[in-house]
Amino acid sequence: MSTDNLAQDMAAAVAALVPALTERLQRHGLAEIEVRQGDLRVRVVAPGTAGGSASLSGPVEVSVTTQGVGVTPVEGTTVTLEPIRSPAVGYFMFADGLGPGLAVTAGTEIGFVEMLGIRHEVRASADGVVRHLVAESGEPVEYGQLLVEIDRTPAA
Amino acid sequence: MFSKILIANRGEIAVRVLRTCRELGIPAVVAFSEPDRDSMAVRLSDEAICIGPAEARRSYLNQPALISAALLTGCDAVHPGYGFLSEDASFAEACAVHDLVFIGPRAQVIERFASKYAVRRMLAATGLPTVPGSTGIVADLADALAQAEAAGYPVLLKPSAGGGGRGMRLVRSPREMETQLPLARSEARAAFGDDSLYFERWIEDNRHVEVQVLVDSHGTGIHLGERDCSVQRRHQKIVEEAPSPAMDEPGRERLRDLAIRSVVSAGYENAGTLEFLLDRDGNFYFIEINCRIQVEHPITEALTGVDLVAEQLRIAAGERLTLTQEQVQLRGHAFEFRITAEDAHDNFSPQTGIVSEVHWPGGPGIRVDTHLFGGYEIPPFYDSLLAKLIVWGEDRTEALARAKRALAECHIEGVKTNLPFHRAIVDNAAFVDAEVSTNLLDRVGPAAFVGEPA
C-alpha cells in the first residue's frame with residue numbers, strides 16, 4: 001500500500017468514524033472512546049476529563065494514529081469559532097466526508113444549499129478544524145442559518 | 001382557499017396582509033431580509049423565514065429565494081404586497097410554474113396591462129377617455145399644428161425614445177409650436193439618437209383621482225368608489241381621501257361606471273386601481289392601471305367596510321365575488337396620512353435611527369396601519385413609510401376635525417418625521433377647500449406649509 005493510498009484511506013476512515021464517536025461520547029457522557037480499524041486507531045477525548053465530568057458542549061479532542069505513521073493530534077481548545085452560514089434558502093447537504101475533527105482550509109467545500117435545483121456552494125471561510133455540524137444533511141435552511149462551526153487555527 | 005400563505009414583503013403591508021390571514025384562519029409565513037429579523041411582521045407571524053441580506057435585489061426582489069421559501073415552508077400561495085415584485089409578470093409566472101398561487105392578477109393579465117401606452121389604447125377602445133394627443137409620432141410641423149389644434153393647447157411634446165421627463169417641452173400656442181418643435185427634435189436627437197416626437201395635452205393644475213376595482217376570475221367586476229390623491233410631492237402621494245372632494249356626484253358616478261365597465265371588458269382580474277387625471281372642468285383622463293393592492297387602500301375599506309386583501313385572496317383562489325355592485329355602500333369620508341421618516345423641516349430628507357417612543361391616536365374613526373414599535377430601528381435600505389393614519393367621519397368636515405385631533409395625538413420620538421407637514425396641511429386653506437393640485441407642493445415648496453426650521 002502506497003503512502004498516498006494510506007493517507008486517503010485514513011482520511012476516509014477518520015471522516016466516517018469521528019462524527020459517530022463524538023456523538024456517542026457526548027450522548028453517553030463518556031470521557032474517552034478509542035476504536036481500532038486495522039492499523040488505524042482513533043481516540044476521541046472529551047475535555048476536562050482530568051477534572052472528572054465531561055462537558056457535553058465543550059470542545060472535543062480527537063487524536064488519530066496509525067501504526068508506524070504519527071499523526072499530529074488535533075487540539076480542540078481554541079476559542080475562536082468561525083460560523084459558516086447558509087448562502088441561500090433551500091435544502092442543505094454536507095460534502096462527503098465532512099465531520100467534526102476534520103481539518104479544513106479557507107475555501108474547502110463544506111457542502112451546498114440547493115435552491116430550486118441550483119446548488120449554492122458552502123465553503124469554509126477560514127482555516128481550522130470542523131467543530132460542530134449544526135445543521136443536518138437534507139435539512140431545509142433559511143438564508144444566514146448556522147450550518148457548521150469551525151475552530152480557527154491560531155495564526156502562526 | 002389557501003392552506004398557507006407566504007408574505008413576500010415587509011413593513012406595514014406585511015403586517016396588514018398577516019392580519020387578514022389571521023382573520024381568515026390561514027397560517028402565514030413572513031419572508032424577511034436580515035435587517036428585518038426583529039420587525040413587527042416577524043414578531044407577529046406564526047412562522048418567518050430569512051430570504052437574504054438587506055439589499056432588496058438579494059431578498060425582497062430575489063424570486064428564487066422567495067419561491068424556495070414558500071416551498072420549504074409548505075405554502076401554496078404568495079402575497080406580494082405592493083412595490084417589490086407585486087406587478088412583476090415574471091414572478092407571477094415563476095410562482096405558477098412551482099404550483100404557487102400569486103395573489104394578484106395572473107401573469108398573462110399583468111403582462112397585458114404592463115405597457116402604459118398599449119393599455120391606454122386598449123382601454124380607450126372600450127370607451128375610457130384618455131389624454132388627447134397626437135396619434136403616434138408627429139410627421140412634420142404641419143401635422144403637429146393640425147393635431148395640436150384638434151387635441152387642444154397647451155400640449156407637452158415628448159421624445160418617443162425618452163423617459164423620466166427628459167427632453168419634454170411645453171407648447172402653449174401654434175406660434176410656440178413653430179419654434180419649439182425643431183428645438184425638441186434636435187434635443188431628442190442629441191439625447192436619445194432618435195428625433196421622433198409625440199405630444200399629449202398638458203392638463204394644468206390637475207388632480208389625481210383613481211378608481212378601486214375588484215374583478216373575479218369569472219369575469220364579474222365591481223368598483224369600490226374612487227380616491228383622490230392630489231397631495232403629492234415629486235409624484236409621491238402624501239395624503240389621500242375618498243370620495244374625491246373635487247367631483248360632484250354625477251361626475252363620480254360616471255367615472256366609476258366607465259372604469260369598471262372598461263376593465264372588465266378588457267379582461268382584467270383581481271384588485272386593481274385605474275388612475276386618472278382630473279382637470280379644472282371635471283374632465284377625467286385615464287393614465288394607467290395598477291395591478292396590486294395600493295398603499296392607500298384603507299380609505300376605501302373605511303368607506304365600504306370591505307377587506308380588500310381578503311377579496312384579493314378569494315379572487316386568487318378562484319372564488320366568485322361575494323358582493324354585488326348594489327351591496328357596495330360608500331359611507332362617509334376618509335383621509336389617509338402617510339407618516340414617513342422624512343424631516344418635514346429639511347426638505348423631506350430621509351431619516352434613519354431608533355424610534356425610542358411611539359404613541360398612536362385612538363378613539364372614533366381612527367385606524368393606524370404601522371410596523372413601528374418602541375425601540376424599532378429604521379433600516380436605511382427601504383422606503384421611508386412608517387405608518388398610515390386613516391381617519392373616517394360621516395362627512396368631510398367631521399373627518400377633517402378628527403384628523404386634526406388625531407394628528408395632534410401622534411407622538412414619535414427618536415426619529416424626525418413628516419408629521420409637522422401633516423399638521424400644517426389640515427389647516428391649509430387650499431386643502432380644506434379641496435383646491436390642491438398635484439403640482440402645488442413642488443411649486444410652492446414644503447416650507448410654505450411647515451415654515452423654516454426653528
Side-chain angles (χ1 to χ4, degrees), chain A residues 19 57 79-96 98-99 104-128 130-152, chain B residues 4 6-10 14 28-39 41-42 45-76 78 84-85 90-100 102 379 381:
Chain A
S57 55
V79 288
T80 327
L81 282 182
E82 178 80 9
I84 308 298
R85 298 183 180 279
S86 172
V89 188
Y91 291 96
F92 175 63
M93 293 295 287
F94 278 115
D96 288 341
L98 194 90
V104 294
T105 54
T108 300
E109 196 182 342
I110 298 289
F112 60 86
V113 174
E114 192 176 307
M115 182 164 82
L116 304 183
I118 293 173
R119 290 183 174 194
H120 296 254
E121 287 179 346
V122 181
R123 293 187 178 276
S125 47
D127 296 351
V130 173
R131 167 78 77 87
H132 293 128
L133 303 187
V134 182
E136 286 174 22
S137 264
E139 187 181 334
V141 294
E142 65 177 5
Y143 177 86
Q145 186 167 328
L146 185 61
L147 303 172
V148 170
E149 285 180 321
I150 291 175
D151 256 346
R152 293 182 69 160
Chain B
K4 205 176 188 184
L6 184 88
I7 300 173
N9 213 300
R10 63 176 306 280
V29 180
V30 172
F32 64 93
S33 71
E34 275 184 322
D36 283 338
R37 185 173 290 277
D38 191 32
S39 66
V42 172
S45 68
D46 315 284
E47 201 178 336
I49 182 164
C50 184
I51 45 159
E55 200 189 337
R57 192 177 56 80
R58 296 177 61 200
S59 50
Y60 297 109
L61 291 172
N62 185 343
Q63 299 191 20
L66 288 162
I67 288 170
S68 183
L71 297 175
L72 243 58
T73 52
C75 293
D76 54 359
V78 177
F84 296 127
L85 294 170
S90 71
F91 183 58
E93 180 60 34
C95 285
V97 165
H98 290 90
D99 287 327
L100 295 164
F102 175 84
F381 315 106

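For clarity, every value in this text was computed on a predicted model and none was experimentally measured. Chain naming here is simple, since letters A, B, ... match the order of the sequence lines and numbering starts at 1 in each.
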Could you grab the distance from atom CE of Met115(A) to atom CG of Leu72(B), nearest 0.5 Å is fine? 10.5 Å
Go through the atoms of Ala48(B) and report whether side chain, backbone, both or neither lie under 4.5 Å from a heavy atom of chain A. backbone
Quick one: do Arg85(A) and Glu34(B) satisfy salt bridge (charged side-chain N to carboxylate O under 4.0 Å, His left out)? Show the steps, please. CA-CA 13 Å; Arg85(A) 298 183 180 279; Glu34(B) 275 184 322; over 6 Å; no
OH on Tyr143(A) to OG on Ser33(B), rounded to 0.5 Å: 10.0 Å
To check you understand the geometry: which heavy-atom pair defines the closest contact between His98(B) and Leu116(A), and what is its length? NE2-CD2, 4.0 Å
Is the count of non-hydrogen atoms from other residues, nucleotides or ligands lying under 6.0 Å from Glu136(A) atom CD greater than 12? no
What are the two closest non-hydrogen atoms of Ser68(B) and Gly90(A), and how far apart are they? OG-CA, 3.8 Å
Would you indicate whether Leu146(A), at its atom CG, is surrounded by more than 12 heavy atoms from other residues, nucleotides or ligands within a distance under 6.0 Å? yes
Determine the minimum heavy-atom distance between Val89(A) and Ile51(B), stating which atoms define it. CG2-CA, 3.6 Å
